[in-house]
Amino acid sequence: MMNFDLKKLAKIQEAINQAMANVKAEASAGGDMVKAVADGYGNIVSIKIEPELLKDLDIEMLQDLIVAAVNEAKNKAKQEVQKEIEKVIGFPLPPFPQL
């Protein structure tokens with residue numbers, strides 16, 4: 001049976017929480033016409049839409065671009081969190097599952 005050092009585990013957990021709180025990942029779609037930013041917890045913290053995109057409003061295209069930007073931002077944030085966790089624990093993890 002493994003012997004766990006609870007203090008070390010607590011420090012690792014705190015470092016992971018800090019890494020997740022600090023991650024901000026931006027992604028765009030439609031040639032940067034729609035941008036989304038996700039945090040390390042997978043929450044979308046901002047969406048920016050270039051006003052030029054709204055001139056000839058195609059709501060379906062806008063919706064598709066938002067979805068694409070949001071999904072890419074969340075994936076980038078997830079990858080960044082994984083890198084930060086690997087730094088903390090000192091070894092690589094298997095890829096996180098897709099949400």
Let me confirm one number: the CD1-CD distance from Ile16 to Glu86, rounded to the nearest 0.5 Å.
10.5 Å

N/O donor-acceptor pairs under 3.5 Å from side chains in residues 53-65, not counting sequence neighbours:
residue: Asp58; atom: OD1; partner: Glu60; partner atom: N; Å: 3.3
residue: Asp58; atom: OD1; partner: Met61; partner atom: N; Å: 3.3

Is Asp39 reaching over with its side chain to a backbone N or O of Tyr41, donor-acceptor style, under 3.5 angstrom?
yes

Could you give me the CA-CA distance, side-chain angles and deciding distance for Met33 and Ile49, then say whether side-chain contact (heavy atoms from CB on, under 4.5 Å) is met?
CA-CA 6 Å; Met33 297 298 279; Ile49 300 169; over 6 Å; no

With the 4.5 Å side-chain cut-off for hydrophobic clustering, are Val88 and Ile85 part of the same group?
yes

Is any side-chain N of the basic residue among Lys87 and Glu84 closer than 4.0 Å to the acidic one's carboxylate O?
yes

So do the side chains of Glu14 and Lys11 get within less than 4.5 Å of each other, counting heavy atoms only?
no

Rounded to the nearest 0.5 Å, what separation is found between the CG atom of Leu9 and the CD atom of Gln13?
9.0 Å

I'd like to check Ile47 versus Val37 (side-chain heavy atoms, cut-off strictly below 4.5 Å). Are they in contact?
no

Donor-acceptor pairs under 3.5 Å, side chain of residues 18-32 to any protein atom, not counting sequence neighbours: which ones?
residue: Asn22; atom: ND2; partner: Gln18; partner atom: O; Å: 3.2
residue: Ser28; atom: OG; partner: Asp32; partner atom: OD1; Å: 2.5

